[in-house]
**Student:** 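What follows is a structure written as structure tokens; I'll ask about it next.
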There are 2 protein chains.
Amino acid sequence: MSHLGYPCLMALDRDHVLRSAATLLTRKSTATMDEVAKAAGISRATLHRHFAGRDALVRALEALGIAECEAALDTARLDEGPAGEAVHRLVRAIEPAAGLLAFLYTENQLFEGEEQNQGWARIDERLTSVFRRGQETGEFRIDLTPAWLTEALYGLLASGAWAVSEGRVAANDFTYMIVELLLGGARRTTA
Amino acid sequence: MSHLGYPCLMALDRDHVLRSAATLLTRKSTATMDEVAKAAGISRATLHRHFAGRDALVRALEALGIAECEAALDTARLDEGPAGEAVHRLVRAIEPAAGLLAFLYTENQLFEGEEQNQGWARIDERLTSVFRRGQETGEFRIDLTPAWLTEALYGLLASGAWAVSEGRVAANDFTYMIVELLLGGARRTTA
DNA sequence: CCCAAGTGAGACATCTTTGTCTCACATTGG
DNA sequence: CCAATGTGAGACAAAGATGTCTCACTTGGG
């Protein structure tokens, strides 16, 4: 270990802890710090050395979720090509983070403080704008508001992640099911 | 009060307590028994006289949610007429219970016991069957499985309830937004 | 009026979770 | 080999939630 206090393996460990915490908390949102530590294969003491407390852990998960969302938004290049294909790219890019998103989406405790993380506002803005763009180009219908389509996308991502983890939907079908339902709906169009 | 121990006002009180508990827990799923009692306008002691403990309260909410779901399923007469209209009737009938459903849907603690309430299985069966009927009559596409459509309906109901309570969607648009997205999707069909 | 039932307020012990601490052990680099 | 760092295990107190109890008060029927 360096004399200068470099967090040599700490960074990797921290990310690994966050990942396993996200997996566990997605399945059981009331898991204790001890359960989180065990799920990560470390002791509760070490967990506390990484995150000051449960609140700090949840905040770190929130930051991770926001970062992954924004990375997916960048990858998807939402402002290129038809809006429908942009949404498709977005769902495909965000799929690995869907479980974490589902946890954060239902963690309403995050939003009761007066100052909520601005990251969500930026993400909401980017999502609504792609739906708005689709409406302006005539690709999307205008009677469903961009705000509602954004909200519905969150809900479908959460439902999809949950359905896959419960075995009710095949993991390979995740993106297809969500995109087809969100864009095309259940009704047959080639009647 | 009768000498025979009739629960004259108890029944009404109990229902009122359940309603306010559902409203509060939908908004803050970690509310304490004291908060639940205050929200219902009663003391914690009286709350405990109605429900043996927190677990019993959540179970009662689950039973209430199941009962309201099944009532809505009966009201909607899912096996009559086109499947799309049946789904529309269902969402309209289930709208008042959407908040409660959203709470129960995210209360994954309900499903970690080995024996989960059979009521959900019955409801799932009735929901999937209406989607299956729509597929068999050619009204719905067949590449989205009935199980996924059922799951997505739950997710959209939860998203809708949340969006309304946050003011992002007008309460009057609840049914329309959900039904149109679920059945028709975001894409314009009259291209 | 009187009594029974229900209620609210509060005290109380208990349990769980949390946050902090110490100490022994393992690993790694010099 | 040795020193430094990180870790696991466990003890510990503090905080919060829960479940139970008592007691005084109110209300409604007889």
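In what follows, chains are A, B, ... by sequence order, proteins preceding strands, each numbered from 1. This is a predicted model, so every value here is computed, not measured.
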**Student:** Taking salt bridge (Lys or Arg N to Asp or Glu O under 4.0 Å) as the cut-off, I'd like each qualifying pair that reaches into residues 170-183 of chain B, sequence neighbours left out, listed once.
**Tutor:** A:Arg141-B:Glu180
**Student:** Taking CG from B:Asp34 and P from D:dG19, how many angstroms apart are they, rounded to a whole number?
**Tutor:** 13 Å
**Student:** Using a cut-off of 4.0 Å between protein heavy atoms and nucleotide atoms, how would you tag nucleotides 8-15 of chain D 5' to 3' with B, S and -?
**Tutor:** BB-B----
**Student:** Looking at residues at least two apart in the chain, or sitting in another chain, which of them share a side-chain contact (heavy atoms from CB on, under 4.5 Å) with A:Thr26?
**Tutor:** A:Phe103
**Student:** Using whole Å, report how far CE of A:Met33 lies from P of C:dT20.
**Tutor:** 10 Å
**Student:** Whole Å only: how far is the CG atom of A:Asp55 from the C1' atom of D:dG16?
**Tutor:** 15 Å
**Student:** If you check the B:Asp13 side chain, which of C:dT17, C:dT20, C:dT7 turns out closest?
**Tutor:** C:dT7
**Student:** Show every salt bridge (Lys or Arg N to Asp or Glu O under 4.0 Å) that has at least one partner inside residues 95-105 of chain B, sequence neighbours left out.
**Tutor:** none
**Student:** Could you give the CZ-to-P distance, from A:Phe51 to C:dT18, as a whole number of Å?
**Tutor:** 15 Å
**Student:** Please enumerate all residues that pass side-chain contact (heavy atoms from CB on, under 4.5 Å) together with B:Thr46, with sequence neighbours excluded.
**Tutor:** B:Ile42, B:Ser43, B:Arg49, B:His50
**Student:** Kindly state each residue pair satisfying side-chain hydrogen bond (donor to acceptor under 3.5 Å, both in side chains) with at least one member in residues 155-171 of chain B, sequence neighbours excluded.
**Tutor:** A:Tyr105-B:Ser159, A:Glu151-B:Arg168
**Student:** Nearest whole angstrom, please: distance from the P of C:dT18 to the CG of A:Leu57.
**Tutor:** 10 Å
**Student:** I'd like to know if B:Glu139 pairs up with A:Arg188 as an ion pair, taking the criterion as any Lys NZ or Arg NE/NH1/NH2 lying under 4.0 Å from an Asp or Glu carboxylate oxygen.
**Tutor:** no
**Student:** Please report the distance, rounded to the nearest Å, between CZ in A:Arg14 and P in D:dG6.
**Tutor:** 15 Å
**Student:** Among D:dT18, C:dT7, C:dG19, which is the nearest nucleotide to the side chain of A:Arg54?
**Tutor:** C:dG19
